[in-house]
Amino acid sequence: MTKPHVVIIGAGFGGLACAKALGNSDVRVTVIDRRNHNLFQPLLYQVATAALSPADVSEPIRRTLARYDNIRVLMGEVSGIDVEAKQALLADGARISYDRLVIATGSEYNYFGHPDWHKHAPGLKSVHEARQIRHRLLLAFERAERSTDESEKRRLLTSVVVGGGPTGVEMAGAISELGTFMIANDFDSLAHDQFRVLLVEAGPRILAGFPEDLADYAANYLTRIGVEIRLESAVEEIEATRIRIAGEWLPAGSIVWGAGVKASPAAHWLGVEPGAAGRIPVKADLTVPGRPGIYALGDTALTLGADEKPLPALAQVAKQQGTYLGKALRAELLSGRTPGPFAFHNRGNTAVIGRNAAIFDFGRWHLKGRLAWFLWAIVHVWLLVNFEKRLLVSIQWVWRYATRQRGARLIDEDAADQLRSVP
Ligand SMILES: Cc1cc2nc3c(=O)[nH]c(=O)nc-3n(C[C@H](O)[C@H](O)[C@H](O)COP(=O)(O)OP(=O)(O)OC[C@H]3O[C@@H](n4cnc5c(N)ncnc54)[C@H](O)[C@@H]3O)c2cc1C
């Protein structure tokens, strides 16, 4: 008898957890991803701010799944699904047949109808974007060091972070620390009062998803380390060297986007009506209504929690759903058992604001400061990371961060070429 075939699209937090739960079973599994590596997105901002290297936050998918004999990994971009023929369609024309299909394609940044802003204000979704941001920040400092024009110096040393959610807060804090470090240690002709970091938020407060006391702590901490917070300030226009916020043009050396995500276009592939943020509405067992044998999870799926509110787009949700679905498919395909519904166990919500400063929302418990940072570093990173040797990797991350190493202050040669265009 041929073994049932499960195809998983996307080897992020959810897809990998699902594959692992099906590992070394009598189910054939094919994992398809357009990247060859799994990316630990929660630490991408540290790559963008030169604290970590790309290889510290990514691991080849083949390596992660090498120990499972029943799992095949394919690198390829899925561009559609033939629901009738039960096939995933790849952009290069290949078709991969499935008995069960798991869609775990995550999300992308939402530029709210202005896709052209992306080139001036990259988000933090890939190694490429993190490196782009790092190059822009470091190049701006190099150019400022050489500039003799005071206003140009100030422009180059101004960074604007759009979006006051966890990513924006983490980025603003990390840029402020990086700039302060470089001005103190690396650049003789730059002064701290020429350096500016702005965090721009359209809503009335930052960290809207966190309790108010924790958001207040974060705002105070950021202000203390020199970040200017602009609330109720919508971004209206972005160009290469400036940004218009609430009617005012601000010259800027680097702009970073962190203002909300939308799901991958998978709802469109299935021809289903997308829910909020383009997510695929799924039932409690993660099946897509009206599409037998197809499941969706993680950022690209819209699942309701016990309180009937949508579960947030978080790694811990994706990872728990992946493990649940892998086990459920294993039980269903190999023993004919129907699994119960998925139940999310909240491990707490956290954001890092700076070195040794974080907030941790655990329902009734609200932690802030050094203890919250320590908990984030140990528990959150440990719980989320998919990598082999995760103890070693976690210790390395925490050590580098705690010792203020900014060892990844590298500008690639192709990015350095841009400097040649400076008169
Ligand atoms: C900067 C940042 C910081 C974050 N910090 C935290 C945090 O501290 N805590 C937390 O819980 N969450 C955090 N998140 C959210 C978390 O990263 C996501 O919720 C999580 O990655 C979702 O997992 P997923 O499996 O749904 O998608 P992902 O992990 O994004 O994986 C999707 C995978 O699908 C692949 N893919 C996409 N489209 C295709 C296609 N067409 N064909 C083939 N492959 C495809 C991608 O290459 C990727 O490997 C953060 C996110 C960002 C961007």
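Atoms within each ligand, like the ligands themselves, are counted from 1 in listed order.
Of all atoms in ligand 1, numbered sequentially from 1 with element shown, those under 4.0 Å from a heavy atom of Gln316 are 11 (O). Close contacts of ligand 1 with Ala318, meaning ligand atoms under 4.0 Å from a residue heavy atom, involve 22 (C), 23 (O), 24 (P), 25 (O), 26 (O). Taking a cut-off of under 4.0 Å to the non-hydrogen atoms of Ala104, the atoms of ligand 1 that pass are 32 (C), 33 (C), 34 (O). Heavy-atom contacts of Gly298 reach the following atoms of ligand 1: 26 (O) (cutoff under 4.0 Å). Near Trp269, meaning under 4.0 Å from any of its heavy atoms, are these atoms of ligand 1: 41 (N). Residue contact check: Leu124 has heavy atoms under 4.0 Å from atoms 1 (C), 53 (C) of ligand 1. Listed by atom number, the atoms of ligand 1 under 4.0 Å from Gly10 heavy atoms are 33 (C), 34 (O), 35 (C). Within ligand 1, counting atoms from 1 as listed, the ones closer than 4.0 Å to a heavy atom of Glu77 are 41 (N), 42 (N).
Within a 6.0 Å sphere centred on NE2 of His192, heavy atoms belonging to other residues, nucleotides or ligands number more than 12. Heavy-atom contacts from other residues, nucleotides or ligands closer than 6.0 Å to CZ of Arg370 number 12 or fewer.
The option with the heavy atom closest to atom 43 (C) of ligand 1, from among Arg34, Arg347, Glu108, is Arg34. In the candidate list Ala315, Ala11, Ala358, Ala315 is nearest to atom 12 (N) of ligand 1, counting heavy atoms. In the candidate list Arg35, Gln41, Met75, Gln41 is nearest to atom 52 (C) of ligand 1, counting heavy atoms. Remark: among candidates Thr105, Leu43, Ile32, Val317, the nearest residue to atom 37 (C) of ligand 1 is Thr105, based on non-hydrogen atoms.
In terms of polar-atom proximity, Gly14 is counted as a contact of ligand 1, with an N or O under 3.5 Å from an N or O of the ligand. Close N/O approach between Val78 and ligand 1 is found [any backbone or side-chain N/O within under 3.5 Å].
Here the side chain of Arg136 pairs a donor or acceptor atom with the backbone of His120 at under 3.5 angstrom. A distance-only check finds a donor-acceptor pair linking the side chain of Arg62 to the backbone of Val73 [under 3.5 Å]. A side-chain donor-acceptor contact under 3.5 Å links Glu177 to the backbone of Arg355.
At a threshold of 4.0 Å, the pair Lys86-Asp99 does not count as salt-bridged, since none of the basic side-chain nitrogens sits closer than that to a carboxylate oxygen. The pair Glu332-Arg100 counts as a salt bridge, with a side-chain nitrogen and a carboxylate oxygen less than 4.0 angstrom apart. Salt bridge annotation for Glu248-Arg230: present, with a cationic side-chain nitrogen under 4.0 angstrom from a carboxylate oxygen.
Close to ligand 1: Ala313, with a non-hydrogen atom less than 4.0 angstrom away. The shortest heavy-atom distance from Thr167 to ligand 1 is under 4.0 Å. Distances shorter than 4.0 angstrom occur between a heavy atom of Gly76 and an atom of ligand 1.
When each of Glu236, Glu237, Glu239 is checked for a side chain to side chain donor-acceptor pair (under 3.5 Å) with Arg244, only Glu236 meets the rule. In summary, of the residues considered (Arg279, Gln41, Lys125), a side chain to side chain donor-acceptor pair (under 3.5 Å) with Ser107 occurs for Lys125 alone.
Between Trp257 and Tyr111, the ring centre distance stays below 6.0 Å.
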